[in-house]
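The structure appears right after this line, and notes come after that.
In each ligand, atom 1 is the first atom listed, and ligand 1 is the first ligand listed. We use all heavy atoms of the structure for the numbers below, so side chains are in, but hydrogens, waters and symmetry mates are not. Note that the coordinates shown come from a computational prediction; the quantities given were computed from them, not determined experimentally.
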Amino acid sequence: MKKPFITKEQAEKIISEFPTPFHIYDEKGIRENARNLIKAFSWNKGFKEYFAVKATPNPFILKVLKEEGCGVDCSSLTELMMSKASGFSGKEIMFSSNVTPEEDMLLAKEMGAIINLDDFTHIEWLDELCGIPETICCRFNPGGHFEIENQIMDNPGEAKYGFTKEQLIEGFKILKDKGAKYFGIHAFLASNTVTNDYYPNLAKILFELAVELKNETGCDIKFINLSGGVGVPYLPDQKGNDIFAIGEGVRKAFEEILVPNGMGDVSIFTELGRFMLAPYGHLVTTVKHFKHTYKEYAGVDACAANLMRPAMYGSYHHITVLGKENVPCDHKYDVTGGLCENNDKFAIDRMLPELEKGDVLVIHDTGAHGFAMGYNYNGKLRSAEILLKEDGSTQLIRREETPADYFATFDFCDMFN
Ligand SMILES: *Cc1c(COP(=O)(O)O)cnc(C)c1O
């Protein structure tokens, strides 16, 4: 069963200072999980996790991860700027963008980030824009379906990302001619995988490709970036990934493929987002209204603008009613936000304890791709973000938006002064 990392008493204390809705993050959980990941890959000398900033773009969270030894994976100008402000520089930053604006690439180059090219045509473009750096990475797309034991995991052939294998071989040769010295390979083939086999299978594909690229092009391959995609169990009865089994699976492939080919010094990189943060975030919201029509509705003060995944993907997010953890779930509700948009439901036909006005709900696993995907539809304002520190105290790490923030882009006229 899923247990919140805050109690009703803790929540009430926080709410007296910061009204709901808000996102809260568990620093202790984030740190422990990051340490386990690094331990699971400690067999690899150059291992580094580049946290995918898009999952939880908050400088205070980035600083916590930096203290644990992580770098950052950015894909836009503002993500680069936030990373810089959080103290990251140079090769602590991976720039994995696509359809990249000139301005973004120029900043990445200026900051000394590792540039991960998404497309063959970007070689020429980068060369003309600002020159080819010494260290360069290219993103691979094998096409077709990505399968593990005959089960289709995802459909890279339909994905917009990456080079084909032929383009990669040709591209490495061109990059080498243009002065690149150190090479990396990157691929992201399946999202939110809840299996210990995803990374080891991906690693095998990339390790074999690395051997082939080395033999065909003579390029010095320094790192292989397994990117994101290691998932978390959103369902209460789902078994999570075992990061130590995953690390061990990648180690086996490494020993089998890279070591015999004289590539035992290759570094393994990851760009995990969801795995690093999702379980360590809650969206906390208060029950405001009830409605009895053809169904039973419980209306809360958060809405899809605070957490888009259920509305967008039909994703399950577990809900705990604080203080009613041991009350039987014998009432069925649709839990809804207030957008004028019928998919604004955090849960449909969910069995919960009988709800009352003022009940505080914890919506679980919102630490990644939660706040980050927020938006302002219906003029709804983004919530605050709060960090639950290791000593049990709380720190505001982003204030809630105000109407002035919403109207800030009309500052060229005087209508909202
Ligand atoms: C989104 C993304 C990630 C992180 O993915 P998760 O599923 O959150 O682990 C990593 N790398 C790139 C390039 C991405 O676009």
**Item:** Atoms in ligand 1 flagged as close to Ser96, the criterion being non-hydrogen separation under 4.0 Å
**Value:** 13 (C)
**Item:** Given Lys39, Lys48, Arg35, the one that forms salt bridge (charged side-chain N to carboxylate O under 4.0 Å, His left out) with Glu68
**Value:** Arg35
**Message:** Can you confirm whether or not the ring centre of Tyr234 sits under 6.0 Å from the ring centre of His318?
**Reply:** no
**Asked** For Leu37 and Leu272, which heavy atoms make the closest approach, and how far apart are they?
**Response** CD1-CD1, 3.9 Å
**Request:** Please determine if Asp73 has a nitrogen or oxygen closer than 3.5 Å to a nitrogen or oxygen of ligand 1.
**Result:** yes
**Request:** Answer yes or no on whether Arg31 is positioned over the face of Tyr280, meaning its NZ or CZ is under 6.0 Å from the six-membered ring centre and within 45° of the axis.
**Result:** no
**Asked** Does Ser227 have a non-hydrogen atom less than 4.0 Å from ligand 1?
**Response** yes
**CD1-SG distance between Ile224 and Cys137, expressed to the nearest 0.5 angstrom** = 9.5 Å
**Asked** Using 30° and 60° as the class limits, which term best fits the ring planes of Phe410 and Phe412: parallel, tilted or perpendicular?
**Response** tilted
**Protein contact of atom 7 (O) of ligand 1 - nearest heavy atom, named by residue and atom, plus distance** = Gly229 N, 3.5 Å
**Asked** Between Phe163 and Phe120, what is the ring plane arrangement, given parallel below 30°, perpendicular above 60°, and tilted in between?
**Response** perpendicular
**Asked** Which protein non-hydrogen atom lies closest to atom 11 (N) of ligand 1, naming both residue and atom, and how far is it?
**Response** Glu271 OE1, 2.7 Å
**Prompt:** With only distance considered, is Ala55 within less than 3.5 Å of ligand 1 through an N or O on each side?
**Reply:** no
**Request:** Compute the minimum heavy-atom distance from Phe275 to ligand 1 and say whether it is under 4.0 Å.
**Result:** no
**Prompt:** Does Arg274, backbone or side chain, put an N or O under 3.5 Å from an N or O of ligand 1?
**Reply:** yes
**Request:** Check whether any N or O atom of Arg139, backbone or side chain, sits under 3.5 Å from an N or O atom of ligand 1, and answer yes or no.
**Result:** no
**Prompt:** At what distance is the nearest protein heavy atom to atom 14 (C) of ligand 1, and which residue and atom is it?
**Reply:** Lys54 NZ, 2.8 Å
**Asked** What are the atoms of ligand 1, with element, lying closer than 4.0 Å to any heavy atom of Ala52?
**Response** 3 (C), 4 (C), 10 (C)
